[in-house]
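For the numbers below, each heavy atom of this structure counts, side chains included, while hydrogens, waters and symmetry mates do not.
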2 protein chains.
Amino acid sequence: MSKPNPAPPVVDHVSDATLRGFVGYHMKRAFNVVQADLANTLKPFDLRMITYSALVLIVDNPGLRQSQLADAMDIERPNLVVIIDELERRELILREKVPTDRRAYALVPTLAGRQLCARAIEAVTSHEARLLQGVGMTEYAQVLDVLRRIEAKGTKE
Amino acid sequence: MSKPNPAPPVVDHVSDATLRGFVGYHMKRAFNVVQADLANTLKPFDLRMITYSALVLIVDNPGLRQSQLADAMDIERPNLVVIIDELERRELILREKVPTDRRAYALVPTLAGRQLCARAIEAVTSHEARLLQGVGMTEYAQVLDVLRRIEAKGTKE
DNA sequence: GCATATCGTTATGTGACATAACTATTATGA
DNA sequence: TCATAATAGTTATGTCACATAACGATATGC
């Protein structure tokens with residue numbers, strides 16, 4: 001007769017071969033690295049990934065409304081409030097009243113905001129260059145293309 | 001004299017051109033789509049991304065310890081406890097005592113666990129195929145290669 | 001045999017999200 | 001025109017995926 005409770009074998013090395021069959025798994029692992037690295041890069045500026053994105057978008061699109069920014073960042077309006085609060089408290093941006101619509105605020109960067117943004121962008125740029133060292137231009141372009149195509153699959157239908 | 005408070009221009013379309021200059025931005029956006037799609041795919045099985053990963057790893061590596069699994073999943077041991085609790089409660093896996101080390105548990109899948117896992121893997125596979133339709137094999141291989149190289153940058157140093 | 005490390009666990013905190021519901025304001029349509 | 005609906009920002013609250021600290025039980029190294 002067979003043993004009722006055969007002892008499971010001792011696992012010396014954990015295999016993730018099955019998960020490696022999925023792009024999503026690779027994307028998550030690679031993105032975790034990028035995210036951790038980005039957090040370190042932004043730490044000297046006292047910015048998080050999310051506040052950095054918001055600041056860049058406000059600098060690039062001065063005068064946009066909070067709802068427009070929330071749309072662009074793909075988050076809900078309530079979650080943007082604290083982010084804007086923080087950027088405003090640090091005087092990197094301003095909430096300006098819109099004369100034609102008294103419900104809305106136009107978000108504009110201050111000089112300090114634009115300057116911090118420029119320095120942060122520079123740091124992030126050299127940071128990404130380090131993560132991508134050894135990746136050729138054509139290779140890079142192809143990866144961006146595939147990522148964009150995957151992204152597009154989400155918005156349609 | 002210049003106006004003290006020039007009205008900010010009305011923004012009709014929000015540009016994310018600067019952020020598009022970063023791979024991390026593309027990765028986040030694409031991964032969000034994959035994640036949302038994956039969540040939908042796993043919903044019929046009552047699995048989340050994290051419980052799915054854990055189940056697959058246990059099926060592929062029967063007998064592994066919780067600490068090994070936490071290592072493989074890149075999370076801390078405390079966070080794994082509730083995940084294992086859930087899988088055990090649903091009788092998809094078992095915590096078996098390790099005779100040689102009474103501190104440790106060997107995680108083994110049940111028959112039901114292996115069956116659910118197989119069905120979930122199938123669903124996720126066809127799901128990823130849909131997200132990747134139109135992406136050529138060589139292109140796909142190149143993307144995986146770049147993602148792996150980025151991932152490797154995190155573990156070193 | 002004693003200090004130290006390891007395994008799983010509990011308690012707790014945080015950050016990035018979501019939903020519901022509110023106020024103030026603007027737009028709509030009968 | 002005036003009631004109703006929609007929109008902008010906000011508050012309160014919940015969830016999920018993480019993290020750290022600390023603990024009991026056990027194992028290991030000198």
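- Looking at heavy-atom distances under 4.0 Å, A:Gln66 makes contact with sugar-phosphate atoms alone, never a base.
- For A:Arg65, no side-chain nitrogen or oxygen approaches OP1 or OP2 of D:dG9 to under 4.0 Å.
- Each of D:dT20, C:dC17, D:dA12 was ranked by its minimum atom distance to the side chain of A:Pro78; first place goes to D:dA12.
- A straight line from CG of A:Asn32 to C1' of D:dA17 spans 11 Å, rounded to a whole angstrom.
- Applying the 4.0 Å criterion to OP1 and OP2 of D:dC18, one finds that A:Lys28 has a side-chain N or O inside that range.
- Between B:Arg48 and D:dA17 there is a side-chain N or O to OP1 or OP2 distance below 4.0 Å.
- Other residues, nucleotides and ligands place more than 12 heavy atoms under 6.0 Å from the OH atom of A:Tyr25.
- In terms of position on DNA chain D, the residue among B:Asp101 and B:Asn79 whose nearest nucleotide sits closer to the 5' end is B:Asn79.
- For C:dT9, the OP1/OP2 oxygens have a side-chain nitrogen or oxygen of B:Arg95 closer than 4.0 Å.
- At whole-Å resolution of the value, CD in B:Gln35 and P in C:dA16 are 15 Å apart.
- Atoms CZ (A:Arg77) and P (C:dA24) sit 19 Å apart, rounded to a whole Å.
- B:Arg103 places its CZ atom 13 Å from the P atom of C:dA5, with the value rounded to the nearest Å.
- Put simply, CG on B:Leu107 is 13 Å from P on C:dC7, counting in whole angstrom units.
- Distance, B:Leu80 CG to C:dT6 C1': 16 Å, rounded to whole Å.
- Distances from the side chain of B:Val81 to the nucleotides C:dT19, D:dT26, C:dT9 place C:dT9 closest.
- The side chain of A:Ser67 places an N or O atom within less than 4.0 Å of a non-bridging phosphate oxygen (OP1 or OP2) of D:dG9.
- At a threshold of 4.0 angstrom between heavy atoms, the contacts of B:Ile84 with the nucleic acid are absent.
- For the side-chain hydrogen bond (donor to acceptor under 3.5 Å, both in side chains) with A:Asp145, the qualifying choice from A:Gln142, A:Arg149, A:Arg148 is A:Arg149, the only one to do so.
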